Amino acid sequence: MKRNIDYTVVDETNIDTVMTHLCSLNCLFGFDTETNKDGTIHFIQIYSPVSEQTFIFHGDCPQIHKLTTVWDKWGVVGHNLQFDLIHCIQQYGTHPNPVADTFLLSCSLQESAKALKILCSQYFHTINVVWEYLFGDYDYSNMTEEKWNYVANDPYYTYLLFEHYRQVGAYRFVKQAHAIDMNVMLHYVYASVRGLQIDRNKFNEYLNQYTEQVDTLQEKLNLYAGWDVRTASPKEVKKLLFEQMQLSIPPITTGRGDISVSKEALTYVDDKDGIVSLILKIKESRAILSAMKGLL
């Protein structure tokens with residue numbers, strides 16, 4: 001079932017109390033925005049895992065500077081943050097500090113679906129409510145309880161998804177690569193806001209850094225195996241793990257009944273010499289590399 005997280009709508013009567021509370025916390029926040037048809041921010045949503053509630057700010061609130069002048073010191077997690085941060089810079093000239101983007105993490109983990117609603121439905125069995133069903137043509141008038149719950153839940157479930165990735169070990173595998181992705185994302189954000197074409201030299205600098213990291217991992221695997229192993233080839237991965245290394249065969253099979261070397265299947269295989277972890281890391285890193293190249 002869908003959980004409706006507690007929320008507080010911030011206005012001139014409580015903004016000082018809310019800001020005092022938020023500035024006293026030392027944690028990551030869930031972050032999201034809702035925009036108007038013209039791209040201006042209508043709501044800013046900040047989920048606090050400490051108080052377990054979402055604080056909803058009106059984007060045009062006269063006191064919004066009390067938030068936007070300090071939020072660059074806050075670490076936030078979001079889903080497809082590129083668009084949220086662009087709108088923040090356009091409207092306020094600043095943005096909170098992005099620590100993790102669950103969209104980029106879903107790309108790095110080769111998730112079949114990357115939309116927040118679908119991922120939350122998959123992992124947390126939430127009900128997939130479509131934004132257009134509630135808000136139509138950017139209609140924020142007549143805010144019903146269902147609409148407020150939708151707005152409040154987005155940063156909460158984004159934070160929950162981030163914690164899920166971190167708890168299952170996924171974030172540990174991709175953290176270094178993800179940090180490079182965040183730099184690339186911010187590069188796109190600033191270029192977009194200024195109406196500039198992407199600085200290809202700067203982007204290629206990030207791309208080359210990450211390519212070198214992936215190549216180093218691949219060389220380590222090849223040296224161990226004694227031959228060039230293509231981790232994208234299930235046949236070659238099976239040859240290394242189950243023929244050459246003679247590791248135990250996982251109980252999970254493919255749809256055709258063959259031995260599976262999916263991420264789930266490999267969790268059942270003994271990680272001798274850290275080779276299973278290395279293979280997973282290479283597969284995930286190549287997925288990130290592919291996503292970065294897709295930004296060109």
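Model, not experiment: these values are computed from the prediction.
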Is there a side-chain contact between Pro155 and Tyr7 (heavy atoms, below 4.5 Å)? no
Taking the ring of Phe29 and the ring of Tyr159, is the distance between their centroids below 6.0 Å? no
Should Phe83 and Leu85 be regarded as members of a common hydrophobic cluster, given that ILVMFWY residues are connected when their side-chain heavy atoms come within less than 4.5 Å of each other, either directly or indirectly? no
Side-chain (Ser48) to main-chain (Val50) donor-acceptor, under 3.5 angstrom: yes
Can you find a heavy atom in the side chain of Tyr224 that is under 4.5 Å from one in the side chain of Gln244? no
Between Asp11, Thr17, Asp16, which is the residue that forms a side-chain hydrogen bond (donor to acceptor under 3.5 Å, both in side chains) with Thr13? Asp11
Validation row: His58, Val10 side chains within 4.5 angstrom (heavy atoms): no
Linked, directly or transitively: Met182 and Ile86 (ILVMFWY side chains, under 4.5 Å): yes
Between Leu160 and Cys120, is a side chain to side chain contact (heavy atoms under 4.5 Å, CB included) present by the stated rule, with each step listed? CA-CA 9 Å; Leu160 206 62; Cys120 289; over 6 Å; no
Would you check if the side chain of Glu236 reaches a backbone N or O of Arg230 as a donor-acceptor pair within less than 3.5 Å? yes
What about Phe203 and Tyr188, are their ring centers closer than 6.0 Å? yes
Does the separation of the ring centres of Tyr190 and His95 fall below 6.0 angstrom? yes
Quick check: does any side chain N or O of Asp273 sit under 3.5 Å from a backbone N or O of Ile275, one acting as donor and the other as acceptor? no
Residue pair Leu289, Leu207: steps toward the side chain to side chain contact (heavy atoms under 4.5 Å, CB included) verdict: CA-CA 8 Å; Leu289 191 58; Leu207 194 60; 3.9 Å; yes
Taking atom CD1 of Ile44 and atom OG1 of Thr35, what is their separation to the nearest 0.5 Å? 12.0 Å
Are any side-chain N or O atoms of Asp32 and backbone N or O atoms of Val151, one a donor and one an acceptor, separated by less than 3.5 Å? no
Side chain to side chain, Ile252 and Ile259, heavy atoms closer than 4.5 Å: no
Rounded to the nearest 0.5 Å, how far apart are CG of Asp228 and CG of Asn222? 4.5 Å
What is the distance from atom CG of Asp84 to atom CD1 of Ile41, rounded to the nearest 0.5 Å? 7.5 Å
Quick one, Ser106 with Tyr165, criterion side chain to side chain contact (heavy atoms under 4.5 Å, CB included). Give me CA distance, side-chain angles, the key distance, then yes/no. CA-CA 9 Å; Ser106 67; Tyr165 284 147; 3.6 Å; yes
With a 6.0 Å cut-off (strictly less than), is the heavy-atom count around CD of Glu132, excluding the residue itself, greater than 12? yes
Ring pair (Phe, Tyr, Trp, His ring centres under 6.0 Å) between Tyr210 and His178: does it pass, once the steps are laid out? CA-CA 10 Å; Tyr210 192 51; His178 184 61; over 10 Å; no
With a 4.5 Å heavy-atom cut-off, do Ile279 and Leu221 have their side chains touching? yes
Checking Asp139 against Lys37 for the salt bridge (charged side-chain N to carboxylate O under 4.0 Å, His left out) test, could you report, in this order, the C-alpha distance in whole Å, the side-chain angles of both residues, the deciding distance, and whether it holds? CA-CA 9 Å; Asp139 181 11; Lys37 195 170 187 177; over 6 Å; no
How far does CD of Glu205 sit from CZ of Arg200, to the nearest 0.5 angstrom? 15.0 Å
Any salt bridge between Asp181 and Lys175, counting N to O under 4.0 Å? no
Group every Ile, Leu, Val, Met, Phe, Trp and Tyr by side-chain heavy-atom contacts under 4.5 Å, then state whether Trp148 and Ile127 land in the same group. yes
Measure the CD-CD distance between Gln213 and Gln218 for me, rounded to the nearest 0.5 Å. 14.5 Å
Would you give the length of the straight line joining atom NZ of Lys202 to atom CG of Asn204, rounded to the nearest 0.5 angstrom? 11.5 Å
Quick check on Asn26: does its CG atom have over 12 non-hydrogen neighbours (other residues, nucleotides or ligands) under 6.0 Å away? no
Is Ser285 reaching over with its side chain to a backbone N or O of Ile282, donor-acceptor style, under 3.5 angstrom? no
Side chains of Lys272 and Met245: does their closest heavy-atom pair fall under 4.5 Å? yes
Verify, without hydrogens or angle tests, whether Asp271 (side chain) and Val276 (backbone) share a donor-acceptor contact under 3.5 angstrom. yes
Check whether Thr253 reaches the backbone of Ser260 with its side chain - one donor and one acceptor, N or O, closer than 3.5 Å. no
Kindly work out whether a path of hydrophobic side-chain contacts (I/L/V/M/F/W/Y, heavy atoms less than 4.5 Å apart) joins Phe124 to Tyr156. yes
Taking the side chain from Thr54 and the backbone from Ala152, do they hold a donor-acceptor pair closer than 3.5 Å? yes
Quick one: does any side-chain atom of Ser290 pair with a main-chain N or O of Arg286 as donor and acceptor, under 3.5 Å? no
For the residue pair Thr94 and Asp72, confirm or rule out a side-chain donor-acceptor distance under 3.5 Å. no
Quick one: do Tyr140 and Phe43 satisfy ring pair (Phe, Tyr, Trp, His ring centres under 6.0 Å)? Show the steps, please. CA-CA 10 Å; Tyr140 297 101; Phe43 291 126; 5.7 Å; yes
Is the gap between the ring centers of Tyr138 and Trp131 under 6.0 Å? yes
Parallel, tilted or perpendicular: which one describes the rings of Phe55 and His21, with boundaries at 30° and 60°? tilted
Would a 4.5 Å heavy-atom cut-off, applied to side chains only, mark Val99 and Val76 as touching? no
Asn14 side chain vs Val9 backbone, donor-acceptor pair below 3.5 Å: yes
Ring-face cation of Lys239 near Trp227 (centre distance under 6.0 Å, axis angle within 45°): yes
Output yes when Glu163 and Arg166 qualify as a salt bridge under the 4.0 Å nitrogen-oxygen rule, no when they do not. yes
Tested for side-chain hydrogen bond (donor to acceptor under 3.5 Å, both in side chains) against Asp154, the lone hit among Gln45, His79, Lys117 is Lys117
Report yes or no: do Tyr157 and Ile118 belong to one cluster of Ile/Leu/Val/Met/Phe/Trp/Tyr joined by side chain heavy-atom distances under 4.5 Å? no
Return the orientation label for the Trp71 and Tyr92 ring planes: parallel under 30°, perpendicular over 60°, tilted otherwise. perpendicular
Less than 4.5 Å apart, side chain to side chain, heavy atoms only: is that true for Val261 and Thr254? no
For Lys220, does the NZ atom have more than 12 heavy-atom neighbours from other residues, nucleotides or ligands under 6.0 Å away? no
